[in-house]
Visitor: 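After the structure tokens below, expect a handful of questions from me.
All values below were derived from every heavy atom in this structure, side-chain atoms included, with hydrogens, water molecules and symmetry-related copies excluded.
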Amino acid sequence: MDTSDHGSPRPERFRHDWQRHEIEALLTLPLNDLLFQAQGVHRQYFDPNAVQISTLLSIKTGACPEDCKYCPQSGHYNTGLEREKLMQVEAVLEEARRAKEVGASRFCMGAAWKNPRAKDMPYVLEMVRGVRAMGLETCMTLGMLTRDQAEALEEAGLDYYNHNLDTSPEYYGEIITTRTYADRLETLDHVRQSGMKICSGGILGMGESINDRAGLLQQLANLPTHPESVPINMLIRIQGTPLEHVEDLDPIDFIRTIATARILMPASHVRMAAGRELMSDETQALAFFAGANSIFYGERLLTAQNPQAAHDKRLFERLGLYPEQRHDVDDATHEAVLNDRIRQARVTAMTTDAAGHVAG
């Protein structure tokens, strides 16, 4: 069965046997033909003017043991980033409340870990429960997961787990050496088997070839079930990382990748993720037409800059776009909201009793 972001199961009818040459052929179509095809697919599965809004918060910053050449949080490079410990649960929940107030429907939390440690898991699980109780969709990226960790996150109510493949299997070793491509695929399998939804994509502009972009999309589209969310990032060149001097990505190549992802994974949300601050309004408009229907909203993405919220609002108004409404609140979410209200009522009652006792 295939389950879209709208929460309605339907029979799986998408291809999972894409060949590399077929994907390259899509990536190199005349742009008008590619966009026409992508927009046609997009309208079959989504409201063409609705965009899913997510907010991303770094809950633990810096000192990551991985050597990802694009990442300022890697402990292998000197990028001037200050290390921060895991945030307190209430501080994370306060950020989630603010995100909901400005229109986010999904709250994503990221920690700079190779994998979560046992001592940190209780706090992470409490964050998930608290955000879920607000009626927001929940997403986390914490590095590699064991099967038990994935199941614990699912039981706490985590909706999505983000674990990007980054690039093709062939080019991967040029970017990361501290974990293998097989490690990443194993984590995605643990996530899927637990019952959570998958958020997985990659990064463009790291010096990869068109064949590598096709290889990344091939890996994602040929998973047993397509990722429900597919973030397509444009490299943000960070001083101090090995990729700080790489050549700029042609924005048209970014648009081509968005459109091809839409064709290969028709019911997935395709997200413009990192790099939007570097894009013109016209590039973003083309990306939405090509099938992108999800963005991160807010001034920061983990440690990177993101377009100002006011600018995004103006852009949406100019293009006639609006935030996608969440319709798939299930019984577990209703129960979480109810339990949260019960806890609040108990705290209020205890406070009242204490005040009355003192007054008496």
Visitor: Please say whether more than 12 non-hydrogen atoms of neighbouring residues, nucleotides or ligands are located less than 6.0 Å from OH in Tyr322.
Guide: yes

Visitor: Would Glu95 and Arg98 pass as an ion pair if we require N to O under 4.0 Å?
Guide: yes

Visitor: Looking at OG of Ser168 and CD of Gln218, how far apart are the two atoms once the value is rounded to the nearest 0.5 Å?
Guide: 9.5 Å

Visitor: Determine whether more than 12 heavy atoms belonging to other residues, nucleotides or ligands lie under 6.0 Å from atom NE2 of His245.
Guide: no

Visitor: Tell me whether the rings of Phe14 and His226 are parallel (<30°), tilted (30 to 60°) or perpendicular (>60°).
Guide: parallel

Visitor: Between Arg262, Glu324, Arg271, which is the residue that forms a side chain to side chain donor-acceptor pair (under 3.5 Å) with Asn293?
Guide: Arg262

Visitor: To the nearest 0.5 Å, what is the distance between OG1 on Thr167 and CD1 on Ile175?
Guide: 6.5 Å

Visitor: Kindly state each residue pair satisfying ring-ring contact (aromatic ring centres under 6.0 Å, His included) with at least one member in residues 94-147, sequence neighbours excluded.
Guide: none

Visitor: Is there a side-chain contact (heavy atoms from CB on, under 4.5 Å) between His311 and Asp281 once you walk through the steps?
Guide: CA-CA 10 Å; His311 182 90; Asp281 287 354; 2.8 Å; yes

Visitor: With a cut-off of 6.0 Å (strictly less than), are more than 12 heavy atoms of other residues, nucleotides or ligands near CD of Glu90?
Guide: yes

Visitor: Salt bridge or not between Arg184 and Asp166? Use side-chain N to carboxylate O under 4.0 Å.
Guide: yes

Visitor: Check this for me, if you would: do Glu126 and Arg129 make a salt bridge, where the nitrogen-to-carboxylate-oxygen distance has to be below 4.0 angstrom?
Guide: yes

Visitor: With no hydrogens and no angle check, is any side-chain donor or acceptor of Gln39 less than 3.5 Å from a backbone partner on Gln37?
Guide: no

Visitor: Less than 4.5 Å apart, any side-chain heavy atom of Met279 and any of Pro251?
Guide: no

Visitor: With heavy-atom distances below 4.5 Å as the criterion, would you say the side chains of Thr141 and Asn164 are in contact?
Guide: no

Visitor: Stepwise, does the side-chain hydrogen bond (donor to acceptor under 3.5 Å, both in side chains) test hold for Glu137 with Ser105?
Guide: CA-CA 6 Å; Glu137 288 183 319; Ser105 61; 4.6 Å; no

Visitor: Any side-chain heavy atom of Tyr160 sitting closer than 4.5 Å to one from His269?
Guide: no

Visitor: Is it the case that the side chains of Arg213 and Thr260 hold a donor-acceptor pair, with the cut-off being a distance below 3.5 Å and no angle test?
Guide: no

Visitor: What's the spacing between Leu216 CG and Glu208 CD if we round to 0.5 Å?
Guide: 8.5 Å

Visitor: A side-chain contact here means heavy atoms from C-beta on lying under 4.5 Å apart; do Ile255 and Leu35 qualify?
Guide: yes

Visitor: Between OG1 of Thr28 and CD1 of Ile23, what distance do you get to the nearest 0.5 Å?
Guide: 11.5 Å

Visitor: Just so I know, are the side chains of Gln149 and Leu142 near enough to count as touching, which here means a heavy-atom distance under 4.5 Å?
Guide: no

Visitor: Please test Leu286 against Ile258 for side-chain contact (heavy atoms from CB on, under 4.5 Å), starting from the C-alpha separation and ending with a verdict.
Guide: CA-CA 10 Å; Leu286 267 180; Ile258 291 282; over 6 Å; no

Visitor: Is there a side-chain contact (heavy atoms from CB on, under 4.5 Å) between Val191 and His163 once you walk through the steps?
Guide: CA-CA 9 Å; Val191 171; His163 200 61; 6.0 Å; no

Visitor: Does any pair with a residue in residues 165-213 pass ring-ring contact (aromatic ring centres under 6.0 Å, His included), and if so which ones, sequence neighbours excluded?
Guide: Tyr172-Tyr181

Visitor: Would one find more than 12 heavy atoms of other residues, nucleotides or ligands at under 6.0 Å from atom CD of Glu247?
Guide: no

Visitor: For a salt bridge (Lys or Arg N to Asp or Glu O under 4.0 Å) with Glu228, tell me which candidate from Lys197, Arg192, Arg106 qualifies.
Guide: Arg192

Visitor: Are Leu86 and Met144 connected in a single hydrophobic cluster, I mean Ile/Leu/Val/Met/Phe/Trp/Tyr linked by side-chain heavy atoms less than 4.5 Å apart?
Guide: no

Visitor: Given 3.5 Å as the limit, does a donor-acceptor pair link the side chain of Arg256 with the main chain of Leu34, or not?
Guide: no

Visitor: Is there a side-chain contact (heavy atoms from CB on, under 4.5 Å) between Leu264 and Leu26 once you walk through the steps?
Guide: CA-CA 10 Å; Leu264 301 182; Leu26 287 172; 3.9 Å; yes

Visitor: State whether the side chain of Asp212 and the backbone N or O of Ser209 hold a donor-acceptor pair below 3.5 Å, judged by distance alone.
Guide: yes

Visitor: Show your reasoning for whether salt bridge (Lys or Arg N to Asp or Glu O under 4.0 Å) applies to Arg97 and Glu94.
Guide: CA-CA 5 Å; Arg97 293 185 191 101; Glu94 182 58 32; 3.1 Å; yes

Visitor: Could you please spell out the steps behind the side-chain hydrogen bond (donor to acceptor under 3.5 Å, both in side chains) verdict for Gln193 and Arg147?
Guide: CA-CA 8 Å; Gln193 292 302 319; Arg147 189 173 298 279; 5.0 Å; no

Visitor: Please check this pair: side chain of Thr241 against backbone of Arg237, looking for a donor-acceptor N/O pair closer than 3.5 Å.
Guide: no

